[in-house]
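Let me begin by presenting the structure, written as structure tokens, before commenting on it.
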Amino acid sequence: MKRANDLLLKAVIKVAVLIILTFSINLFFSGHHHPGGGFIGGLGVSAALILLFLTYDIETVTENLPFDFKIMGAIGVLIAVGTGMGSFLFNAPFLSQTYGYFHLPVFGETELATALLFDLGVALAVIGSSVTIILSISEDE
Amino acid sequence: MFELLMLGSIVMLVLTILACLYRVWKGPSMPDRIQALDTIGITLVAGVAIFSVLNRTHAFLEVILIIGILSFIGTIAFARSLERGVVIERKRVE
């Protein structure tokens, strides 16, 4: 079969993936005080990855992003459970959180919360599981 | 008066979604259905925008971006599946 030339799709996707990744990082970090968080940030990243898989093919994308998405999901669940268990070290109930204000060189006075680590684990688990689901249901017979 | 106008336009958008749903259900060919689904996504974006104008809040603007991204991905996936028969290709074809 003659291969169609999808130059327009490739040119648009190269810009759109950058915008979607930036927006999902913004959603991930704004989850503490505004709408957003780890789950929807991870879904944004996996939407960008699925756009790349649609435009190019599995071989090209996995050459340039050499991650095993199953292992990524497992690491995410491990981080999320680990931050939950970490509160036992300070004699606190499971999944309790705290925050503090620190002086960072570039950002100035910044609020750092331990809920961000839990959100990072949730985001990695969401990226790993959704990309694994999409890749396995798109496989041939 | 202003709220009445906004509520009237929300009713109009609901009528548009109903017309698009009729096209999805009835549509003679597959591209008609895909176009109708894309139009439903755009109408949802407009509805969320009017809703946030009505409530004078900007908490729903991220919802607009997410709906836009998901509708874009859905349209591209449907179009690929119509044109090539396969959504995600496995090997690189030169």
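Just so it is clear, the model here is predicted, and its values are computed rather than measured. Below, read A as the first sequence line, B as the second, and so on, with proteins coming before strands; counting in each chain starts at 1.
Neither the backbone nor the side chain of A:Leu43 comes within less than 4.5 Å of any heavy atom of chain B. Heavy-atom distances place the side chain of A:Ile13, and not its backbone, under 4.5 Å from chain B. Proximity to chain B (any heavy atom under 4.5 Å) is shown, for A:Phe53, by both the backbone and the side chain.
Residues B:Val24 and B:Ala36 share a closest heavy-atom pair of CG2-CB, 3.6 Å. Between B:Cys20 and B:Ile40, the shortest heavy-atom distance links the atoms CB-CG1, 3.5 Å. Listed here is the closest heavy atom pair of A:Pro93 and A:Ser87: O-OG, 2.9 Å. Of all the heavy atoms in B:Pro28 and B:Arg23, the pair that sits closest is CD-NH1, 3.6 Å.
Residues A:Ile134 and B:Phe72 fall within the same hydrophobic cluster, defined by Ile, Leu, Val, Met, Phe, Trp and Tyr side chains chained together at heavy-atom separations under 4.5 Å.
At least one side-chain heavy atom of A:Met85 sits under 4.5 Å from a side-chain heavy atom of A:Val81.
When the heavy atoms of residues 54-69 of chain B are compared with those of chain A, the residues falling under 4.5 Å are B:Ala59, B:Glu62, B:Leu65, B:Ile66, B:Ile69, listed by number.
A side-chain donor-acceptor contact under 3.5 Å links B:Ser9 to the backbone of B:Leu5.
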